[in-house]
Amino acid sequence: MTTEPPLSALDRLRQRVAAQTAASQPQAPSPVPSGGPPEAGESRLLAGLNPQQRAAVVHGGGPLLVIAGAGSGKTRVLTHRIAHLVETGRAQPGEILAITFTNKAAKEMRERLSALLGPVANRMWISTFHSACVRILRAEHEALAMRSTFTIYDSADSLRLMNQVCREEAIDSRVSTPKGLLRRISDLKNELIDPEDFARSINDEADVTVAAAYRGYQNRLRAANALDFDDIIMTTVGLLQSHPAILEHYQRRFRHILVDEYQDTNHAQYVLIRELTGRGESMGELTVVGDADQSIYAFRGATIRNIESFEDDYPNAESILLEQNYRSTQNILSAANAVIANNPNRRAKRLWTDSGAGDKVVGYVADSEHDEARFLVEELQALSGKRRWSDIAVFYRTNAQSRALEEMLIRAGIPYKVIGGTRFYERKEIKDALAYLQVVANPDDTVAMRRIFNTPRRGLGAKAEDAVAFHAQRHGMSFGAALDDVGSAESPRGQVNGLTPRAEKAIIDFRTILHVAREKAESGSAPADVLDSLMAGSGYTEELRRSDDPQDEARVENLAELHAVAADFKKMNPDATLGDFLEHVALVSDTDQLPDGDVADEGDVTLMTVHTAKGLEFPVVFVTGFEDGTFPHMRSLADPVELAEERRLAYVALTRARENLYITRASVRSQWGAPQELPASRFLDEIPEGLVDWRRAHSSADVLRRSSSTRYSKPSFDGARTGGSVKPGRLDSGSGRLDGGSAKKAAAEALSPEDREKLAAAEAAKAAEQAAAAEELKRKRAEAAQEEEEKLGALASVKPGDTLIHRKFGAGTVRAVEGRGANMVATIEFDGKSKRLMLGMAPLSLPK
DNA sequence: TAGGTGCATATTTTT
DNA sequence: TATGCACCTA
C-alpha cells in the first residue's frame with residue numbers, strides 16, 4: 001500500500017518524485033519478433049541479437065571492450081552476457097560483479113537479470129561503484145581501523161567540514177574558497193593522491209594552502225569516523241593495495257567483472273577495477289562497455305583515456321563495436337551525428353539504423369524563456385491524444401531552466417514531474433533530521449553534531465559551541481564525546497569550562513534526548529521510531545508547527561515523508577539497522593527512488609537535465625535552451641576541452657529521442673533576475689538545414705537587428721540591440737563576452753553582393769511579417785493578462801473547501817491554495833483526481 | 001543570544 | 001530571483 005505522502009506546495013511545483021522514468025526505460029526492440037518457441041537457454045539468450053552483439057555475449061577469455069554507440073543495445077548485451085555466462089556454466093552467480101554508475105541502472109540491470117535467470121540473480125553483486133565499495137569497507141573496517149558505523153558525507157557535509165577547517169587552520173577563505181579547496185581535494189582523491197603524497201609535490205604558494213586544508217580536512221574526517229564520496233573509492237583502493245590477503249579474497253570471489261559506462265570512470269575507479277581483476281594466470285574476466293561520445297562527467301574526474309587506452313592497458317583485449325542503433329529514426333540520428341562530428345580527436349563511429357528517416361526534427365526560436373515554454377505547451381497540447389504524457393520528456397542544461405517551463409505547464413494543467421533539482425535529501429529539515437539520526441549512529445560525527453547542536457534553538461550559541469569544541473580539542477576527543485563531560489563530576493578530564501548554568505542544562509537535556517534515541521536504536525527499534533523519538537524529544541517538529549512561516553508547514557510534511565521512507569525501508573529490509581538506513585539514504589539519491597504510481601493512466605511529462613537523461617529514452621523529446629551561454633554552458637565557451645564535453649552532452653540529449661525530436665532556443669533568457677540576450681547555440685548551426693523543420697527560425701530581436709543592420713557597415717552589438725526591450729547596460733556587458741553569432745556572420749560575409757542584397761530584401765519582408773506577428777502576439781498577451789486579472793478578482797478569495805467548475809474536468813473541491821495574485825495556484829480535487837491549476841489561467845469559474 | 005536587516009553571491013552537471 | 005551570510009541591535 002503506497003499511501004501518497006502529503007506534499008507541500010513547493011514540493012509539487014518542484015516535485016522531484018523520482019524516477020520512474022522506468023516507464024520508458026530503454027529496451028532495444030529486437031529485429032526479430034520475440035517470443036519464439038522455448039529453446040535451450042543459450043539460443044534464447046542469443047535470439048534477436050545482431051552479429052556484434054552476439055559476439056560480445058559469447059566472448060570468452062580475455063578482456064573485452066564493447067564500444068556501444070547510443071541506442072545500440074548495450075544493456076541488452078551486458079545482461080545477456082551475464083545470463084549466458086551463468087547458463088553455460090562458465091560462471092557461478094556469486095562470481096559476478098556488475099558495476100554501474102547510477103542506482104537506477106543497477107536496479108534495472110538486476111530486474112532484467114531476474115527476468116532472464118530467476119532468483120539466482122540475487123546472488124550477484126550488481127551495484128554502483130560507491131555502494132560496492134561501501135559494502136567492502138563495512139566488511140573490512142577492522143583492517144582500516146575504522147568503525148563499521150562510519151558516516152558518509154555528502155557534498156554539503158563536506159563543505160561544512162571544510163568551512164570548519166578554514167576557520168580552525170586560519171586559512172583565508174577569501175583567497176582559497178572552501179569550495180575551491182574541496183574541488184582540488186576531490187581531484188586529488190580521484191587521482192589517488194593522499195595528503196602526504198601531495199605535500200611532497202607542492203609546486204607553488206597556493207598548493208601550500210591546499211596541502212594544509214587537505215591534511216586538516218582528512219584528519220577531521222577520520223576523527224569523525226566519516227568518509228566523503230571520493231574517499232569511498234580511494235579508501236577501498238588503498239585497502240586492497242595494502243592488504244594482499246583481502247585483495248586476493250575479492251579477486252577469487254569476483255571472477256567476472258563487468259563495468260557499464262566505462263567512459264565515466266575516473267582514475268581511482270580504473271585502478272579499483274584493475275586491482276579486482278588481477279593479472280597473470282589468475283586474472284578474472286573483465287568486460288567494459290562504454291562510448292567515448294557519451295562521456296559527460298569529466299568535470300567529476302572521469303577520463304575518456306580509460307576507454308581510449310583500454311587496448312593498451314589490457315594487451316590481449318578484444319574490441320567489439322556496436323554501431324547499429326535500434327532507438328531513433330535516421331533524421332534524429334543524422335542530427336546527432338552531425339553535431340558530435342565537430343568534436344576533435346574523436347574516433348569516428350558510423351551509427352546507422354534501418355528504421356527509416358522518420359519525421360524531421362522540429363525547431364523553434366523563441367523570444368524569451370516564456371515564449372519557449374509557451375511553444376512547448378502548445379506542442380504538448382497538439383500531441384495530447386496521440387501520445388501519453390509519459391512518452392514525452394523535456395530536457396534542459398541547468399535545473400534553473402525548469403522554472404519557466406513548470407510555470408507554463410501548471411497553467412496549462414499538463415501533469416509533469418521534475419527529476420533532479422532541489423533534492424529531497426538536501427533540504428534543510430531533512431538534513432537536520434538525518435543529522436540527528438547520524439549522531440545517534442555515530443556520536444563522533446562532528447559535522448552532524450554541530451549542525452543540530454542548537455537546532456532547534458535551545459539557547460546554545462557560538463559561545464557554548466566554542467567551549468565544547470575547545471574541550472574536545474584539548475583532550476583529543478570528538479565534539480560529541482566532549483558533550484558527555486558537560487556537568488559530569490566524575491569525568492577524569494574535568495568539567496567543560498566556560499559554560500553558563502543555563503547552557504549546561506540545555507546541553508544535558510540535548511544529550512539525554514540523544515541517549516534515549518541511541519538506546520532505542522541499539523535495542524533494535526526501527527529507524528522510523530528512532531526518528532520519531534528524536535523529532536519529538538528535541539521539539540523540532542513542535543517548533544516547525546508553531547511557526548507561522550508557510551514554508552515550515554511544508555517542512556513538517558517533508559519530515560513526514562522522510563518518516564514514510566524510513567518505514568518503507570524497514571518493510572523492504574526487515575533486518576536493517578539504523579546504519580543501513582543511513583547508508584541507503586547517503587548513496588541512493590532520490591532520482592532513483594519511489595516506484596511508479598499508476599501505470600494505467602497517462603503518466604506525467606518528464607522534466608530533467610540532460611545529465612540526468614543519460615541512459616534513458618523517450619518517444620518524444622524536447623531539448624530546450626540551445627543558446628551559446630546556456631547550452632553550451634557559459635563556463636565552457638572559452639575552453640575547447642569543456643566545449644567538447646558540452647557537445648557530447650548535446651549528443652546525449654539528441655540521441656534520447658526515438659521518434660520525435662524538438663529543439664528550441666530563447667533569444668532572451670533571464671538569468672538570476674536579469675534578462676540576457678544570448679545568440680543561437682553553435683550546436684544548432686552544426687545540424688544540417690535539411691533535417692530541421694523550423695517553425696520559427698528567427699527571434700523578433702534577430703529580425704529587428706537584421707533589418708536595421710543594413711544601415712551598418714558591419715553587424716555589431718550596438719544600435720539595433722538597444723532597440724530591443726532589454727536594458728542596454730545589461731546587454732552590453734553580457735554580449736561582449738560571447739562570440740555571438742560568429743558562424744552566421746561568417747556565412748553572411750561569404751555571400752556574393754547580389755545574394756546579400758536578395759537576402760536582405762527577403763529578410764526585410766520577413767521582418768515586417770514577423771514584426772506584425774510579434775505585435776499581434778503582444779496584443780493577445782495583453783488581452784490575456786487583462787482577462788486573467790478580471791478573473792483573479794473573482795477567484796482571489798477562493799479557499800480550501802470551496803467548489804470550482806473547470807471547463808473540462810467539471811466540479812472540483814479546492815484542497816489547498818498557494819501564492820498570491822497572478823501566481824495563485826490551487827490544488828483542486830476533481831472526481832478523485834487531484835490537479836494543480838493556476839487560478840488566473842485555467843478555465844475555472846465559480847459555481848452559479 | 002536571537003532576530004532582523006541588508007548585501008553579496010550564485011547557477012552547471014552527481015555518486 | 002532566492003538564498004545565505006555578516007553584521008548590527010535589542
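So that the names make sense, note that chain A is the first sequence line, chain B the second, and so on, each numbered from 1.
Ranking C:dT1, B:dT14, B:dT11 by closeness to the A:R403 side chain, first place goes to C:dT1. Picking from B:dT14, B:dT13, B:dT11 the nucleotide with the shortest atom distance to the side chain of A:A400 gives B:dT11. When distances are taken from the side chain of A:F299 to each of B:dT15, B:dT11, B:dT13, the shortest belongs to B:dT13.
Between A:D260 and A:T100, the side chains place no donor N or O within less than 3.5 Å of an acceptor N or O (distance only, hydrogens not considered). A side-chain donor-acceptor contact under 3.5 Å links A:D445 and A:Y153. The closest side-chain donor-acceptor pair between A:Y262 and A:N306, if any, does not fall under 3.5 angstrom.
Phosphate contact (OP1/OP2 of B:dT15, side-chain N/O of A:N103, threshold under 4.0 Å): absent. For C:dA2, neither phosphate oxygen OP1 nor OP2 lies less than 4.0 angstrom from any side-chain nitrogen or oxygen of A:K428. One finds no side-chain N or O of A:S670 lying less than 4.0 angstrom from the OP1 or OP2 phosphate oxygen of C:dT1. Regarding contacts with the backbone of B:dT14, every side-chain N or O of A:T128 stays at 4.0 angstrom or more from both OP1 and OP2.
Cation-pi geometry between A:R300 and A:F229 is not met: the NZ or CZ atom fails to fall both under 6.0 Å from the ring centre and inside 45° of the normal.
At whole-Å resolution of the value, NZ in A:K179 and C1' in B:dT13 are 13 Å apart. When the P atom of B:dT15 is taken as reference, atom CG of A:D231 falls 18 Å away, rounded to whole Å. Counting to the nearest Å, the P atom of B:dT13 and the CZ atom of A:F101 are 18 Å from each other. Between A:K107 atom NZ and B:dT15 atom P the separation is 14 Å, expressed in whole Å. What separates CZ of A:R300 from P of B:dT13 is a distance of 12 Å, to the nearest Å. B:dT13 atom C1' lies 15 Å from atom CG of A:L643, rounded to whole Å. At whole-Å resolution of the value, CD in A:Q294 and C1' in B:dT13 are 15 Å apart. If you take CZ of A:R183 and P of B:dT11, they are 13 Å apart, rounded to a whole angstrom.
Within the 4.0 angstrom heavy-atom criterion, base atoms lie near A:F229. No engagement by A:F129 is indicated, since no non-hydrogen atom pair under 4.0 Å with the nucleic acid exists. When heavy atoms are screened at a 4.0 angstrom cut-off, A:K614 is found touching no nucleic acid atom at all.
Looking at A:E677 and A:R669, no side-chain N of the basic residue comes within less than 4.0 Å of a carboxylate O on the acidic one, giving no salt bridge. Taking a cutoff of 4.0 Å between a charged side-chain nitrogen and a carboxylate oxygen, A:D552 and A:R555 qualify as a salt bridge.
Looking at which nucleotide of DNA chain B each of A:Q671 and A:Y297 is closest to, the 5′-most match is held by A:Q671. With DNA chain B read from its 5' end, the first of the two nearest nucleotides for A:E646 and A:A464 is the one closest to A:A464.
Here A:F129 and A:F101 bring their ring centres to under 6.0 angstrom of each other.
For DNA chain B, the neighbouring residues in residues 450-462 of chain A, judged by any heavy atom under 4.0 Å, are A:N454, A:R457, A:G459, A:G461, A:A462.
Listed by first then second residue, pairs satisfying salt bridge (charged side-chain N to carboxylate O under 4.0 Å, His left out) with a partner in residues 224-233 of chain A read A:K189-A:D228, A:K189-A:D231, not counting sequence neighbours.
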